[in-house]
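This report refers to the structure that appears directly beneath it.
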Amino acid sequence: MATGTEPQQNSGGVRARTRAAIAAPHLRTDRWWLAPAATAAGLLAFVVYSTWRAFANAHYYAAPYVSPFYSPCLAENCRTMRAGPNADLFGGWWGISPAVIILIFPLGFRLTCYYYRKAYYRAFWASPPACAVAEPHRTYTGETRFPLVLQNIHRYFFYAALLVAGVLTYDTVLAFRDEHYRWGHMGLGTLVFLANIALIWAYTLSCHSCRHIVGGKLKHFSRHPVRYRAWQFVGRLNARHMQLAWASLLSVALADFYVYLVASGVFDDPRFF
């Protein structure tokens, strides 16, 4: 007796022979496409902006502020920054923008981040586009083949992200100087840098890899009270990993844009004291 749910004879994806024969592509009636569309727009906007700023190789330093896209500056062609994050490790042979060197690490950390994987898999690859919405792909191999197998190096990018966050913390401390490098001053840019570094650290420490490093493989939390408290703290941050990912992405772009505006002479950095 026909029930209306017999497997269809075509193959591939949710239309495989072993799946129920439901004619509709999905049963959702809400505007499920808004979330992946907004995610795609947000990520694409950041990619366009960061690419422009990374290859501009200009207006990234206005004493005492240095753009987070260019810190630490590892090429000889960097602007001289007094007591700043200059480290001419690449010498004079590196001819293009020095930002290209350092952005590999924070971008690699975000690209392999568990939340960002979900975000751009859905937004750009429709894999799947949303919960309970069928993806158009016929086969699924997960992250077992190149290039997605490289997602497994996320933990190593986490270590690099810690170093970058440390350098950006140093830059934030230097932001308590004025344009003549005298200490004990605060400008609007200082507040921008403080907000940015707080969000950068919150996002970095909320990483799933950080949570595993802090409390993973422990059989008895009672024997490791310090690690247990650290694991609880990271766990609370991890519950807000998505929000912190977007907030820190916006803050690092705003910090760079603020430096650009000051360095290009659009306005002078307002000083509080």
Side-chain angles (χ1 to χ4, degrees), residues 45-46 49-90 94 97-107 109-110 160-207 233 237 240 243-273:
F46 180 82
Y49 174 79
S50 60
T51 301
W52 165 59
R53 288 293 293 138
F55 285 94
N57 197 18
H59 305 309
Y60 58 84
Y61 181 66
Y65 309 123
V66 56
S67 164
F69 287 0
Y70 287 79
S71 183
C73 218
L74 301 179
E76 195 174 279
N77 60 352
C78 291
R79 284 279 307 276
T80 301
M81 296 175 262
R82 184 173 174 180
N86 290 84
D88 304 339
L89 299 181
F90 278 64
W94 186 268
S97 171
V100 177
I101 305 172
I102 193 61
L103 280 180
I104 294 173
F105 301 104
L107 288 181
F109 177 58
R110 289 181 183 266
L162 286 177
L163 296 176
V164 173
V167 173
L168 296 183
T169 303
Y170 176 71
D171 294 342
T172 304
V173 173
L174 295 182
F176 284 90
R177 304 179 300 175
D178 62 12
E179 64 273 16
H180 304 294
Y181 307 103
R182 294 189 294 260
W183 287 95
H185 298 271
M186 174 183 284
L188 179 59
T190 311
L191 297 181
V192 172
F193 273 54
L194 282 171
N196 178 57
I197 194 58
L199 289 171
I200 290 293
W201 273 115
Y203 167 65
T204 303
L205 296 179
S206 70
C207 169
F233 172 74
L237 287 178
R240 299 289 183 268
Q243 293 88 338
L244 292 172
W246 281 103
S248 60
L249 193 72
L250 178 62
S251 71
V252 73
L254 288 177
D256 170 81
F257 189 61
Y258 186 87
V259 175
Y260 167 77
L261 293 177
V262 175
S264 60
V266 174
F267 64 84
D268 295 327
D269 178 47
R271 290 286 166 174
F272 300 122
F273 58 84

I need the [X] [atom1] to [Y] [atom2] distance, nearest 0.5 Å.
{"X": "His59", "Y": "Asp256", "atom1": "NE2", "atom2": "CG", "value": "12.0 Å"}
{"X": "Ile102", "Y": "Cys73", "atom1": "CD1", "atom2": "SG", "value": "9.5 Å"}
{"X": "Arg79", "Y": "Asn57", "atom1": "CZ", "atom2": "CG", "value": "10.5 Å"}
{"X": "Ile200", "Y": "Leu205", "atom1": "CD1", "atom2": "CG", "value": "11.0 Å"}
{"X": "Leu174", "Y": "Thr169", "atom1": "CG", "atom2": "OG1", "value": "11.0 Å"}
{"X": "Phe176", "Y": "His185", "atom1": "CZ", "atom2": "NE2", "value": "12.5 Å"}

Quick one: does any side-chain atom of [X] pair with a main-chain N or O of [Y] as donor and acceptor, under 3.5 Å?
{"X": "Ser71", "Y": "Ser67", "value": "no"}
{"X": "Asn196", "Y": "Val252", "value": "yes"}
{"X": "Asn86", "Y": "Thr80", "value": "no"}
{"X": "Ser97", "Y": "Ala54", "value": "yes"}
{"X": "Thr204", "Y": "Trp201", "value": "no"}
{"X": "Tyr65", "Y": "Phe193", "value": "no"}
{"X": "Asp269", "Y": "Gly189", "value": "yes"}
{"X": "Thr190", "Y": "Ala175", "value": "yes"}

Run the numbers on Leu107 and Phe46 for side chain to side chain contact (heavy atoms under 4.5 Å, CB included), then give the verdict. CA-CA 11 Å; Leu107 288 181; Phe46 180 82; 4.0 Å; yes
Do [X] and [Y] have side chains that approach each other closer than 4.5 Å (heavy atoms only, starting at C-beta)?
{"X": "Val100", "Y": "Phe69", "value": "no"}
{"X": "Tyr60", "Y": "Arg53", "value": "yes"}
{"X": "Phe109", "Y": "Val164", "value": "no"}
{"X": "Glu179", "Y": "Arg271", "value": "yes"}
{"X": "Pro68", "Y": "Asp171", "value": "no"}
{"X": "Ile197", "Y": "Tyr170", "value": "no"}

Close aromatic pair by centroid cut-off 6.0 Å: Tyr258 and Phe267: yes
Would you say the rings of Tyr70 and Tyr61 are close, in the sense that their centroids are separated by under 6.0 Å? no
Do you know the tightest heavy-atom contact between [X] and [Y]?
{"X": "Ala245", "Y": "Arg110", "value": "O-NH1, 3.2 Å"}
{"X": "Ala247", "Y": "Leu199", "value": "O-CD1, 3.7 Å"}
{"X": "Leu237", "Y": "Ala202", "value": "CD1-O, 4.1 Å"}
{"X": "Leu261", "Y": "Ser264", "value": "O-OG, 3.3 Å"}

Are more than 12 heavy atoms from other residues, nucleotides or ligands located less than 6.0 Å from atom [atom1] of [X]?
{"X": "Tyr181", "atom1": "OH", "result": "yes"}
{"X": "Asp88", "atom1": "CG", "result": "yes"}
{"X": "Tyr49", "atom1": "OH", "result": "yes"}
{"X": "Arg240", "atom1": "CZ", "result": "no"}

Take the angle between the ring planes of Trp94 and Phe90 and call it parallel below 30°, perpendicular above 60°, tilted in between. perpendicular
